[in-house]
Chemist: 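After the C-alpha cells below, expect a handful of questions from me.
Source: prediction; values computed, not measured.
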Protein chains: 2
Amino acid sequence: MATTDAPSGETLIMHDRGAADRLPLQSQSAAMALRDQIVGGAFAPGERLTEVRLAARLGISRTPLRSALAELEREGLIERLSTTGFVVARFTAADVADAIELRGVLEGTAARLAAERGIDADGARRLDEVLDRLDAAFGPGPGDLDMDAYAAGNALFHDLVLDLSASPMVRRQVEHARRLPFASPSAFLEGQRDVAAFRRSLVAAQAQHRAIAEAILGREGARAEAVMREHARVARTNLQHVLTRDPSLRRRVPGLALVVA
Amino acid sequence: MATTDAPSGETLIMHDRGAADRLPLQSQSAAMALRDQIVGGAFAPGERLTEVRLAARLGISRTPLRSALAELEREGLIERLSTTGFVVARFTAADVADAIELRGVLEGTAARLAAERGIDADGARRLDEVLDRLDAAFGPGPGDLDMDAYAAGNALFHDLVLDLSASPMVRRQVEHARRLPFASPSAFLEGQRDVAAFRRSLVAAQAQHRAIAEAILGREGARAEAVMREHARVARTNLQHVLTRDPSLRRRVPGLALVVA
DNA sequence: GCCCCTGCCTATGTATACATTTCCTGCGGT
DNA sequence: ACCGCAGGAAATGTATACATAGGCAGGGGC
C-alpha cells in the first residue's frame, strides 16, 4: 500500500546537492550559489574563474570561496589548472552519455548486490511502498501523470536501491557518479514535463522499476543489474532527443549548458 | 616486442597519489605526509584529527592543511563530521571487498567500451607492448618473477585500458574508485612479494590480461567486461588470505591498517 | 543524588595582510 | 618583423589574527 501522506508537488525536482550540506555556512551558500550559476549557464564552458572576482561577486572572502571551489571541483563542475586557478568544465554530448551509462552501471551493481545478498522484510516493505507511491503518480488517462509526485518517488526508488545494497562503498561510488548534474536519475524529468511522449515513456520506466524490484526480491542478480542498466538508457534516449530534436529544452536540463560541440 | 628500456625495480610499487599533484606545494606535501601516516596506521581508525595539532605536527599553517584535509576527504581516508572536524576513516573487511568489486566493475566497463567502440592501430600496438613487457617479467622457472617489473607493467596495463575506453568520464569514475589505497590494482602486489603461491597466481592474472586484450581487439564487449571483473577477484582472494590466514601481511598492504572488526 | 544551566575553553570558520609565482606586456635587439 | 628578455601587474599560496560556535566541566538548584 502506498503511504497516504504522499505529497503532491511539495518540492520541485531537486538535483543532488552533493555532500555540501556539511560544509561551513558561508562556504556552503557560496558553493550553492556558484553551482546554480554554473549549472544555469552563467559562465561559458572553459571560462576562467578568478578567486578575487568570485569572492567579490558572492560577497565573501577568499577563504570560504576556496572551500566552495574545492567542492565544485569534486562535483566535476570546474577543473583546476596546474597552478593557475579554475576553469568551468566543458562536456561533450559523449561525456554526458557516458556519465549516464556509468550511473546505470553503478546503480546496476547496487541492484545486483541487493539481489545476491538478499534484503530483509523491512527492505521488501519499503520497496513495495515506493513502487505503490510511483503507481499512484499515474492517473487514469494515458497522459495523466503527477510529475512532481513521480519525480519524488523516482528519487526515493533510486535511493532505496542504494540502501538495499547495504554497501557504503557502493553508495559512495554511485553518489560520485550522480554528482554531475546531468547524470542524476531525475535530471531529465524537469525538461520532459511538457513533452507528452516523454510522459508516456515513464510508464515503461515504471515497469522497469517493478522488474528491478522483482529481480531483487527473487535474488536474480544478473536480471536486476541488466534491467537497471537498461533503465538508465531512458535518460540517454532523452538526452539524444533534447540535443538533436528539441534544443530549446537544453536550458531546462541541469548542466547541459556546459555541453559544447 | 617489449620496450627495451623496461626498468627493473627502479621504483617500488606506488599507490595512486590521486590528483594531489596539482595542489599547491605546501598543501601537496602536507597531503602526502598525512596520507602516508594515515595509510601507515599512525592514527587509529575513528581517531579525531584537529587542525592545530596536525598543523603543528606537519610544520605548516592551518590554511594549506585544510586543503590537504579536503583532498584526503576526497580520497575517502578521512571523513568530516557535521561541523566538528575530521576523523580517520574506518573500514570493514566487507568495505574493502566492495571497493575492489567496484573497481572491477568500473574497469570492466572501461574494457567493454574499448571493445564496443573499437581501438585504433596505435592502441593495439600499445596493448601488445604492455603485454610483452608483462611477459618479460616472468623468468624461466615457475616461481621466477621480477616483481617490480610486473607491478610496473600491471599499472601500465590497467591504465592503458582506461585510455582505450576513450572516455574522460570513465577515467574519472575509475580513478575515484582506485583512490582508496586498498582498491588500487597493485595494492596487494607488495604484500604478496614473498608469498610463493601468490607469485604463481600472477601467471593466471597475466593470462587474464591477454584474454582482456584479445576481447578488446575482437570487439567482444561482454567478454572484456566479464574477464576484467573476474580479474579484480584476484585481489579479493588475496584480501581474504591476508585477513584470515596471514594477518602479519596486513601492515604491508596499503590502507589495511584502517580496517576494523 | 541527579539534572540542568551557565560559563569558559577549545575547536573550527572567516577575513585580511603578506609572499610568491606566473603570465602578459612592452621594449630592445637581431 | 620577429624573437627574446625583462619588468610589472595580478593572480594564487600562505600565515595569522580575530570571530564564533560548540562541547565539557563545574556548580547550583530541584
Side-chain angles (χ1 to χ4, degrees), chain A residues 17-35 37-38 42-90, chain B residues 17-35 37-38 42-90:
Chain A
R17 281 302 184 228
D21 301 338
R22 312 190 327 206
L23 253 57
L25 190 64
Q26 300 257 45
S27 310
Q28 184 181 342
S29 54
M32 282 182 53
L34 240 186
R35 175 171 33 228
Q37 293 182 16
I38 291 176
F43 303 95
E47 180 175 347
R48 173 116 181 264
L49 298 176
T50 66
E51 294 183 1
V52 280
R53 184 171 122 244
L54 289 179
R57 179 171 181 151
L58 299 171
I60 59 174
S61 84
R62 285 174 54 213
T63 309
L65 174 68
R66 288 175 66 119
S67 301
L69 289 172
E71 168 65 18
L72 265 53
E73 187 198 8
R74 277 175 46 147
E75 298 178 14
L77 292 178
I78 63 178
E79 293 170 3
R80 89 178 298 136
L81 305 175
S82 47
T83 59
T84 64
F86 295 88
V87 294
V88 177
R90 304 158 52 100
Chain B
R17 281 299 182 231
D21 301 339
R22 317 202 309 221
L23 253 57
L25 189 65
Q26 301 259 45
S27 309
Q28 184 181 342
S29 52
M32 281 182 55
L34 240 187
R35 176 170 32 227
Q37 293 182 15
I38 291 176
F43 303 94
E47 180 176 347
R48 176 120 178 260
L49 299 176
T50 67
E51 294 183 0
V52 280
R53 186 172 121 242
L54 289 179
R57 177 172 183 151
L58 299 171
I60 59 174
S61 84
R62 284 174 55 212
T63 309
L65 174 68
R66 288 174 67 116
S67 302
L69 289 172
E71 167 66 19
L72 265 51
E73 186 197 10
R74 274 174 51 146
E75 299 177 13
L77 291 178
I78 63 178
E79 292 169 4
R80 87 178 300 136
L81 304 175
S82 47
T83 60
T84 63
F86 295 88
V87 294
V88 177
R90 304 158 50 100

Chemist: Check the distance between dA11(D)'s C1' and L81(A)'s CG and give it to me in whole angstrom.
Modeler: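 It works out to 12 Å between those atoms.
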Chemist: For the pair made of CG in L65(B) and P in dG13(C), what is the distance, rounded to whole Å?
Modeler: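 Whole-Å distance recorded here is 12 Å.
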Chemist: With sequence neighbours excluded, tell me which residues meet side-chain contact (heavy atoms from CB on, under 4.5 Å) with A70(B).
Modeler: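 In terms of side-chain contact (heavy atoms from CB on, under 4.5 Å), with neighbours along the sequence ignored, A70(B) is linked to no residue.
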Chemist: Polar atom pairs between nucleotides 15-19 of chain D and protein, under 3.5 Å, N or O only, would you list them?
Modeler:
from	atom 1	to	atom 2	distance (Å)
dA15(D)	OP1	Q26(B)	NE2	3.2
dA15(D)	OP2	S61(B)	N	3.0
dA15(D)	OP2	S61(B)	OG	2.9
dA15(D)	N7	T63(B)	OG1	2.7
dT16(D)	O4	T63(B)	OG1	3.4

Chemist: Roughly, in whole Å, what's the span from CD in E51(A) to C1' in dT14(C)?
Modeler: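 Computing the E51(A):CD to dT14(C):C1' distance gives 15 Å.
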Chemist: Could you tell me which residues satisfy side-chain contact (heavy atoms from CB on, under 4.5 Å) with A42(B), sequence neighbours excluded, listed by chain and number?
Modeler: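 Testing A42(B) for side-chain contact (heavy atoms from CB on, under 4.5 Å), a comparison that skips the adjacent residues, returns Q37(B), R57(B).
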Chemist: Between P on dT21(C) and CD on Q28(B), what's the gap in Å once rounded to a whole number?
Modeler: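 Going from CD in Q28(B) over to P in dT21(C) covers 14 Å.
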Chemist: Listed by chain and number, what are the side chain to side chain donor-acceptor pair (under 3.5 Å) partners of R62(A), not counting sequence neighbours?
Modeler: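 Residues passing side chain to side chain donor-acceptor pair (under 3.5 Å) with R62(A): E51(A).
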Chemist: Measuring from atom CD of Q26(B) to atom OG1 of T63(B), what distance do you get when rounded to the nearest 0.5 angstrom?
Modeler: 10.5 Å
Chemist: Would you indicate whether the side-chain heavy atoms of F43(B) and L54(B) approach each other to under 4.5 Å?
Modeler: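 In short, these two side chains touch, coming nearer than 4.5 Å.
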Chemist: If only side-chain N and O atoms of S27(A) are considered, is one of them under 4.0 Å from the OP1 or OP2 phosphate oxygen of dT14(C)?
Modeler: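 Yes, such a contact exists.
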Chemist: Would one find a side-chain N or O of T50(B) under 4.0 angstrom from OP1 or OP2 of dT12(C)?
Modeler: no
Chemist: Applying side chain to side chain contact (heavy atoms under 4.5 Å, CB included), run through I78(A) and L34(A) and close with a yes or a no.
Modeler: CA-CA 10 Å; I78(A) 63 178; L34(A) 240 186; over 6 Å; no
Chemist: Please determine if a side-chain N or O atom of R80(B) lies less than 4.0 Å away from the OP1 or OP2 oxygen of dT12(C).
Modeler: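 Negative; the distance criterion is not met.
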Chemist: Output, in order, the C-alpha distance, side-chain angles, deciding distance and verdict of salt bridge (Lys or Arg N to Asp or Glu O under 4.0 Å) for E71(B) and R80(A).
Modeler: CA-CA 13 Å; E71(B) 167 66 19; R80(A) 89 178 298 136; over 6 Å; no
Chemist: For the helix from dG1(C)-dC30(D) to dT30(C)-dA1(D), what angle lies between the axis at the first five pairs and the axis at the last five pairs, to 10 degrees?
Modeler: 20°
Chemist: At under 4.0 Å between heavy atoms, what does L69(A) touch on the DNA or RNA strands: base, sugar-phosphate, or nothing?
Modeler: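 L69(A): no heavy atom of the nucleic acid under 4.0 Å.
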Chemist: Measure the distance from CZ on R48(A) to C1' on dC24(C) and round it to the nearest whole Å.
Modeler: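 Nearest whole value for this atom pair: 12 Å.
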Chemist: Which heavy atom in L58(A) sits nearest to a heavy atom in A33(A), and how many Å separate them?
Modeler: CD2-CB, 3.9 Å
Chemist: Working to the nearest 0.5 Å, report the span between CZ of R66(B) and CZ of R66(A).
Modeler: 11.0 Å
Chemist: Counting the atoms with a prime plus P, OP1 and OP2 as sugar-phosphate, which does R53(B) contact under 4.0 Å by heavy atoms, base, sugar-phosphate, or nothing?
Modeler: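 Nothing, no heavy atom under 4.0 Å.
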Chemist: Once you round it to whole Å, what is the distance between P of dA11(C) and CG of L54(B)?
Modeler: 11 Å
